[in-house]
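I have placed the structure first, in the form of structure tokens, so that the comments after it can refer back to it.
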2 protein chains.
Amino acid sequence: MNTKELTKELMEKISSNYYKDMKLPTEDMLMEEYGVTRYRVRKAIQNLVDIGSIYLVQGSGMYIKESHKDSIILSNTQGLVTDFPERKVESKLLNLEIQEADNSLAQEFKCKKSTPIYLLTRLRYLDGEPFSIEYSKYNKEIIPYLNKEIIESSVFNYVREDLGLTIGFADKVISSNKINKEQAHLLGLEENDPGLFINDTVYLANGSIFNISMVLYNYKRATLFDVANLK
Amino acid sequence: MNTKELTKELMEKISSNYYKDMKLPTEDMLMEEYGVTRYRVRKAIQNLVDIGSIYLVQGSGMYIKESHKDSIILSNTQGLVTDFPERKVESKLLNLEIQEADNSLAQEFKCKKSTPIYLLTRLRYLDGEPFSIEYSKYNKEIIPYLNKEIIESSVFNYVREDLGLTIGFADKVISSNKINKEQAHLLGLEENDPGLFINDTVYLANGSIFNISMVLYNYKRATLFDVANLK
DNA sequence: TAGTGGTCTAGACCACGCG
DNA sequence: GCGTGGTCTAGACCACTAC
């Protein structure tokens, strides 16, 4: 059992309330139970800490935190479909076009000028109610083909599973601002209501930028979760 | 040179543009240069990745990202004073009282009922302009004494340096909502303008909760930054 | 294929909490 | 003082990029 498998195993045990005293077994016990070395136990444990599932106290033990399953967990958000596996996610494509990168786009994507870029807008629903509006740009040299079907399910899963690419990380800038009349209409809100915005720049594992998005979340429905390490 | 010192050293070199090709030396070179083992080099590097200073590409190298020094870096925000060392941070105490924990407060703090709790409100200025309003609660059994002077500088620094306590981590829930008339007046905004909210629960390294806050940021001035690991 | 970062082993010793 | 997690060493081998 490698680190990834062990992480998954522990995540499942935690979310199914297997550890009723809200404390994990000690490192030594996990090493023994799964027949792995301390390195793997600690790596898997670190993954759980990073997503806010548990916290560690030196000399004492590893404690399970309350679940934050209704929030978007910033440190590893993989898209709505993956973030909320138990809920109904639907997407409606509002606009799709291809544009050649001008200077500004080329700079954002760190690509050559006139590289083709997909521009698209999606309205996303969670449990049947409008949840977010997504204004996305994809480098077409990396993602050569997109269609309505892919866009209305999960672009990230398509990139990973069908294109076989490895997504690396995303830079996220979070802010709040007033929404306009059109956005309000789409989300079932009023003009000038608050909007929760995330500007994403998404990198493949090889360092190239394949996606830049602005996502506007319905302020009545979306909350974000993060853990800050202050040691 | 231990991991902490090496991390600091590399952070300083990065922020002073020492690495002009925007790439760090290889792990082997850093091991040699600082006379440390690979373990420490990789730990220090990981710290830089976590705060979004650099990103790593297997087989290629370690690349420096654009600085996000004007955003609050969520993964290690230590309070405004520490987050913006080059800018002027001022705080005005609006309210300070002590209250015994009722059932609800006791549950939040995981403390006994009737534990004394400090309640305080601060208006915080960045470079002379109103930046945020902070509604904070501190467990008085852990932080036995607070006064105007401490509150108007940095409570976190007081906790660390004067009380000698080690802060562990903070859970953060981020949302957006309308602000009320009083909040608008304090921040120089209009009633029902958007507000960027963070609800913090802050733990000591020993696992006890010493601080719970709601912070309302001026939506025209504050942005948050985070890196999501998607591998 | 050379050079880079990623995973992993098998240990040792340290720092902290808790009884 | 014992048991817990934290730091660290000195290696080995793997996976990926870039040429």
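The chains referred to below are lettered A, B, ... by the order of the sequence lines, with proteins before strands, and numbering in each begins at 1.
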Practice item. Please tell me which of the listed nucleotides, C:dA10, D:dT9, D:dG5, lies nearest to the side chain of B:R40? Key: D:dT9
Practice item. Could you please name the option among C:dT9, C:dG5, C:dC8 that lies closest to any side-chain atom of B:L56? Key: C:dG5
Check your understanding: Roughly how many Å is it from NZ in B:K23 to P in C:dT4, rounded to a whole number?
Key -> 8 Å
Review point. Of all the nucleotides listed (C:dG5, C:dG6, D:dT17), which has the minimum atom distance to the side chain of B:V57?
Key: D:dT17
Check your understanding: How close or far is atom P of C:dC8 from atom CG of A:L6, stated in whole angstroms?
Key -> 10 Å
Review point. For the pair made of CE in A:M31 and P in C:dT9, what is the distance, rounded to whole Å?
Key: 9 Å
Point to revise | Spacing between A:I45 atom CD1 and D:dG6 atom C1', to the nearest angstrom | key: 14 Å
Check your understanding: Is there a donor and acceptor pair, one atom on the side chain of B:R38 and one on the base of C:dT7, closer than 3.5 Å?
Key -> yes
**Study point:** Side-chain N,O (B:T37) to OP1/OP2 (D:dA10) below 4.0 Å
**Key:** no
Check your understanding: Below 3.5 Å, does any donor atom in the side chain of A:R42 face an acceptor in the base of C:dT9, or the other way round?
Key -> no
Review point. Checking all strands, does A:D28 fall into the base, sugar-phosphate, or nothing category for heavy-atom contacts under 4.0 angstrom?
Key: nothing
Review point. With nearest nucleotides of DNA chain C determined for B:G59 and A:K43 from heavy-atom distances, which residue corresponds to the more 5′ nucleotide?
Key: B:G59
Practice item. Ignoring backbone atoms, establish whether A:T3 has a side-chain N or O less than 4.0 Å from OP1 or OP2 of C:dC8. Key: yes
Review point. Once the angle between the rings of A:Y55 and B:F169 is folded into 0 to 90°, is it parallel (under 30°), tilted (30 to 60°) or perpendicular (over 60°)?
Key: tilted
Point to revise | Exercise: identify the closest heavy-atom pair between A:I117 and A:K137 | key: CG2-CB, 4.0 Å
Study note, to complete from the structure: Nearest-nucleotide check on DNA chain D, A:K231 vs A:N206; residue mapping nearer the 5' end is A:K231
Review point. C:dG17 P sits how many Å from A:Q58 CD, rounded?
Key: 7 Å
Point to revise | 5′-ward residue of the pair A:A205/A:G61 relative to DNA chain D | key: A:G61
Check your understanding: Picking from C:dG17, C:dG5, D:dC8, which would you name as closest to the side chain of B:Y39?
Key -> D:dC8
Check your understanding: Atom CG of A:L204 to atom P of C:dG5: distance rounded to whole Å?
Key -> 19 Å
Practice item. Take atom CG of B:L30 and atom C1' of C:dT4, then tell me their distance rounded to the nearest Å. Key: 13 Å
Review point. Which whole-number value in Å describes the distance from A:Y203 OH to D:dC16 P?
Key: 21 Å
Check your understanding: Between B:E9 and B:R40, is the closest basic N to carboxylate O distance under 4.0 Å?
Key -> no
**Study point:** Charged N-O contact under 4.0 Å between A:D83 and A:K69
**Key:** no
Exercise for review: Specify whether B:F131 and B:F84 have parallel, tilted or perpendicular ring planes, treating 30° as the upper limit for parallel and 60° as the lower limit for perpendicular.
Suggested key: perpendicular
